[in-house]
Structure formats: C-alpha cells, structure tokens
Amino acid sequence: MTVITVTAPRGRLSVEQRRALARTLTDAVLVPEVGQFAPAARVGFQVHFVERAPDMMAIGGTLLADAEQDVMVVDVAVMDADWRREVRAEVIERILAALAEACGLPAPSPAWWVNFRVIEDGSWGSGGRVLSILDLLDSGVFTEERAKAVRAALPS
C-alpha cells in the first residue's frame, strides 16, 4: 500500500500530465518496492493531486502569487519494508524524473521536493483491518529477492 500526494499550484498540471503521472509515479515506487514491474500490484497504489492557490503557497518567504517559482511537493507514504537509503534514493530520483518528463522539462526544478515516509508496521489499515507488508509478500508481485529483504528488514 502506497499513497503518493502531489501538491502543486492551481493549474500547474494539466489533466494529460496528471494522467501520465498517475501511472509513472505509481511505477516509480512500485518497481523498487517489489523488485520488478508488476502491473497487478498497481491496485495497492493511490496518487492524489492537490492544488493550492498561489497565495496559499510560498517559497523563501515569498508567496507564489508574488514570485515566478515552479514549486511542487510530493509526499510518498509507504508500508514498512526494506527501505534502505539506496532504495529510497532510487524512488526519489524516479519520482523527480517522472515529474520532469510529464512536465516536458529536461530536468526537475530545484523547488520540487519529495518527502519519503515509512509508516510503521501495524499503523496502516484498509478494508476494516490493520495491514502489514507481510500480508502482501505471498501475492506473487514481489521478486523472491525483495520478499526476502523485506522479511529481514522488519522486526521479529
């Protein structure tokens, strides 16, 4: 289970860009998380787009209404698993690359920020119950190597 929230100034992303990002941001996290491209795992991912008026966002102490800045924040919330520094870095780089591609830019803006949050095991719920990443390991979407790393990363 993963929730990706993109917060941007109102009108920054077109419907076409959001369509592309719904897929590419999902895959940016999915592939490192399960160890392979697994379309069946997409159902466990949600992407939310939040728009804010330019006078409701600021950078460097200046409202966006008063400055020309390309600001976005992406918050990624994932279930506790094997999220070593290099795996988190891969996810963050893939998210920034997906944003740049969807926006038709050669590189991400330095004012696009990604927050990566791991939700502690036992602190995620759906379908009327508490879930664990362990519930998903036998789904067939994780590579054997990733499933083994996830099991080893969680406290016994």
Side-chain angles (χ1 to χ4, degrees), residues 1-121 123-124 126 131 133 136-137 139 141-143 145-147 149-150 152-154:
M1 312 312 267
T2 297
V3 177
I4 302 164
T5 305
V6 180
T7 303
R10 184 174 294 126
R12 171 59 179 95
L13 298 172
S14 69
V15 171
E16 293 78 22
Q17 289 169 321
R18 291 192 305 270
R19 277 191 187 103
L21 287 168
R23 179 183 39 80
T24 59
L25 293 177
T26 293
D27 292 345
V29 183
L30 182 152
V31 172
E33 182 172 10
V34 303
Q36 63 185 345
F37 177 67
R42 281 186 170 152
V43 71
F45 289 73
Q46 293 185 18
V47 179
H48 298 246
F49 296 97
V50 177
E51 292 187 324
R52 301 261 190 248
D55 63 349
M56 299 298 284
M57 298 176 78
I59 187 166
T62 303
L63 290 175
L64 293 185
D66 301 329
E68 291 290 323
Q69 289 284 335
D70 190 9
V71 173
M72 281 193 262
V73 175
V74 181
D75 183 74
V76 182
V78 298
M79 294 178 83
D80 201 359
D82 176 38
W83 293 112
R84 290 168 283 134
R85 181 183 298 254
E86 60 269 18
V87 178
R88 291 186 313 243
E90 179 184 353
V91 168
I92 291 167
E93 290 168 3
R94 290 170 62 96
I95 286 171
L96 290 167
L99 282 172
E101 182 178 337
C103 292
L105 298 174
S109 165
W112 295 351
W113 296 345
V114 178
N115 299 320
F116 190 99
R117 295 183 300 119
V118 177
I119 307 302
E120 185 179 323
D121 195 48
S123 298
W124 199 290
S126 178
L131 297 177
I133 193 75
L136 306 173
L137 292 182
S139 66
V141 298
F142 287 81
T143 63
E145 177 181 305
R146 285 298 295 153
V150 167
L154 292 177

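Below, each value reflects all heavy atoms present in this structure, side chains not excepted, and no hydrogens, waters or symmetry copies.
Residues W124 and V3 have side chains in contact (heavy-atom distance under 4.5 Å, counting atoms from C-beta outward). Taking 4.5 Å as the limit, every side-chain heavy atom of V47 sits out of range of all side-chain heavy atoms of F45.
The salt bridge (charged side-chain N to carboxylate O under 4.0 Å, His left out) test applied to R42 returns D27, not counting sequence neighbours.
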Worked check of side chain to side chain contact (heavy atoms under 4.5 Å, CB included) between V6 and L21: CA-CA 10 Å; V6 180; L21 287 168; 5.6 Å; no
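Screening L105, T24, V74 for a side-chain contact (heavy atoms from CB on, under 4.5 Å) with L99, the sole residue that qualifies is V74.
Counting only residues at least two apart or in different chains, side chain to side chain donor-acceptor pair (under 3.5 Å) contacts with residues 90-116 comprise D70-W112.
Checking side-chain atoms of Q17 against main-chain N and O of A102 turns up a donor-acceptor pair under 3.5 Å. In this structure, S123 contributes its side chain and I119 its backbone to no donor-acceptor pair below 3.5 Å. Looking at R117, its side chain never comes within 3.5 Å of a backbone N or O of D75 through a donor-acceptor pair. Checked by atom type and distance alone, the side chain of R146 pairs as donor or acceptor with a backbone atom of P32 at under 3.5 Å.
Summarising the geometry, atom CE belonging to M72 is positioned 9.5 Å from atom CG belonging to L96; distances are rounded to the nearest 0.5 Å.
For the pair I4 and L25, the tightest heavy-atom approach, listed with the atom from each and the gap, is CD1-O, 3.4 Å. Residues A100 and A107 share a closest heavy-atom pair of CB-C, 3.8 Å. Between L64 and P9, the shortest heavy-atom distance links the atoms CD1-CG, 3.7 Å. Between A67 and T62, the shortest heavy-atom contact is CB-CG2, 3.8 Å. Taking every heavy atom of both residues into account, E33 and F142 meet most closely at O-CE2, 3.6 Å.
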Throw together a table of side-chain donor-acceptor distances under 3.5 angstrom for residues 49-58, partners on residues two or more places apart or in other chains.
unit_1: E51; atom_1: OE2; unit_2: G11; atom_2: N; d: 3.2

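The neighbour count for E120 CD, taken as heavy atoms of other residues, nucleotides or ligands under 6.0 Å away, does not exceed 12.
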